[in-house]
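Only one structure is covered here, and it is reproduced in the block below.
Worth knowing before you read on, the calculation uses all heavy atoms, side chains too, and leaves out hydrogens, waters and symmetry mates. None of the values given here were measured: they were computed from a predicted structure.
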Amino acid sequence: MRLKAVLFDMDGTLLDTAPDFIAICQAMRADRGLPAMNEQHIRDEISGGARAMVAVTFSMDPESPGFEELRQEFLDRYLKGCAVHSHLFDGMAEVLADIEAANLIWGVVTNKPVRFAEPIMQQLGLAERSKVLICPDHVKNSKPDPEPLTLACKMLDLDPASVLFVGDDLRDIESGRSAGTKTCAVTYGYIHPDDNPRHWGADVVIDHPSALRKVLDNALCGC
């Protein structure tokens, strides 16, 4: 079936949101008289969400006293500064331009709550270009459940088989596969050091956003 839409995971796939996460973690350490930590340690935990980032930032177990207060502080800070340093990954602007030039639809399906996702899309000038934004607030079950992608396809009135879902986590690939979309795993995202996107069973794996342009060309010409 001819490709009609490309849906993206947000963090680590469409957008490099790590700089804002890292800035907040470092600021929280600095406010407590702690030295800056290796940024890569924070980046490695982004896929695990706020809980994982706070845990590594303060070397704390999530069950430790005071942990929940730190997590809430992290979320409060992020709400105020979720799009200060975030940006499209290198090469992604050209990919989006190609998608639009080919009269394809693109959108975002993310596990990021809408209170963060919407401001980021708006501040980066992407909200008016994206045809759909699905967050956990819109469904009962988040990825890896197929519900978010099934909803996106329904809202776009598209057969899932005509949709390519691009993500940087096994949950993305499992969700897309279960929903019936084509799947593309990226290796440039927030991949834990112990993980390997090439083992997720995606239809295609790419190492840079620019490689997605060839994937789209092949899909559109039926190659």
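Ring planes of F21 and F74: parallel class, angle under 30° (limits at 30 and 60°).
Distance CG/L104 to CG/L216: 7.0 Å, rounded to 0.5 Å. Atom CG of L75 is separated from atom CZ of R51 by 10.0 Å, given to the nearest 0.5 angstrom. Distance check: I46 CD1 to T17 OG1 gives 6.0 Å after rounding to the nearest 0.5 Å. Rounding to the nearest 0.5 angstrom, the gap separating the CZ atom in F116 from the OG atom in S86 is 12.0 Å. Atom CZ of R115 sits about 6.5 Å away from atom CG of L79, to the nearest 0.5 Å. The distance from atom CG of L212 to atom CG of L164, rounded to the nearest 0.5 Å, is 6.5 Å.
Judged purely by atom type and a 3.5 angstrom limit, D44 has no side-chain atom pairing as donor or acceptor with the backbone of H41. Side-chain N or O atoms of S175 include none that pairs as donor or acceptor with a backbone N or O of D172 at under 3.5 Å. Panel note: side chain D168, backbone V186; no donor-acceptor pair is recorded below 3.5 Å. Of the possible polar contacts, one joining the T183 side chain to the D203 backbone as a donor-acceptor pair under 3.5 Å is found. Looking only at distances, no side-chain donor or acceptor of E45 sits under 3.5 Å from a matching main-chain atom of V56. Although no hydrogens or angles enter the test, the distance criterion places a donor-acceptor pair under 3.5 Å between the side chain of R32 and the main chain of M28. Judged purely by atom type and a 3.5 angstrom limit, D195 has no side-chain atom pairing as donor or acceptor with the backbone of I191. Side chain of T57 to backbone of M53: a donor-acceptor contact under 3.5 angstrom is found. Between the E147 side chain and the K140 main chain, a donor and an acceptor come within less than 3.5 Å of each other. T181 places a side-chain N or O within 3.5 Å of a backbone atom of G176 that can act as its donor or acceptor partner.
L158 belongs to a hydrophobic cluster whose remaining members, ordered by chain and number, are L7, I105, V109, V132, I134, V139, L149, L151, M155, L156, V163, F165; membership requires side-chain heavy atoms of ILVMFWY residues under 4.5 Å apart, directly or through intermediates.
Counting heavy atoms from C-beta on, the side chains of L96 and W106 come closer than 4.5 Å. Under the 4.5 Å side-chain criterion, counting only non-hydrogen atoms from C-beta, C184 is in contact with I206. In this structure, M10 and M121 have side chains that are in contact, with non-hydrogen atoms separated by less than 4.5 Å. P119 places a side-chain heavy atom less than 4.5 Å from the side chain of C82. Inter-residue side-chain proximity for V204 and K182 is flagged as unmet; no heavy-atom pair is nearer than 4.5 Å. You'll find the side chain of Q26 reaches within 4.5 Å of the side chain of M37, heavy atoms only. You'll find the side chain of L124 reaches within 4.5 Å of the side chain of I120, heavy atoms only.
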*Step by step, would you call R129 with E100 a salt bridge (charged side-chain N to carboxylate O under 4.0 Å, His left out)?*
CA-CA 9 Å; R129 297 170 63 186; E100 293 166 350; 2.9 Å; yes
*Take D207 and R198, measure what salt bridge (charged side-chain N to carboxylate O under 4.0 Å, His left out) needs, and give me the verdict at the end.*
CA-CA 10 Å; D207 299 320; R198 301 186 188 283; 2.7 Å; yes
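Applying the side chain to side chain contact (heavy atoms under 4.5 Å, CB included) rule to S64 yields the partners M60, D61; only residues at least two apart in sequence or on another chain are considered. Residues passing the ring pair (Phe, Tyr, Trp, His ring centres under 6.0 Å) test with F8: none are found, sequence neighbours excluded.
With respect to the salt-bridge test (charged N to carboxylate O, under 4.0 angstrom), the residues E68 and R71 qualify. Here E73 does not pair with R29 in a salt bridge; the nearest charged N to carboxylate O distance is not below 4.0 Å. Taking the charged nitrogens against the carboxylate oxygens, R43 and D16 do have a contact shorter than 4.0 Å, which makes a salt bridge. Salt bridge status for R77 with D20: absent, with no side-chain N to carboxylate O gap under 4.0 Å. Salt-bridge formation is not detected for the pair R213/E94: no Lys NZ or Arg NE/NH1/NH2 atom is positioned less than 4.0 Å from an Asp or Glu carboxylate oxygen.
When hydrophobic clusters are built by joining Ile, Leu, Val, Met, Phe, Trp and Tyr residues whose side-chain heavy atoms come closer than 4.5 Å, directly or via intermediates, L88 is grouped together with I99. V166 and V205 fall into different hydrophobic clusters, where Ile, Leu, Val, Met, Phe, Trp and Tyr residues are linked whenever their side-chain heavy atoms come under 4.5 Å apart, directly or through other members.
Side chain to side chain, Y190 and D9 fail the donor-acceptor criterion of an N or O pair below 3.5 Å.
Counting all heavy atoms, side chain and backbone alike, P209 lies closest to F89 at CG-CB, 3.9 Å.
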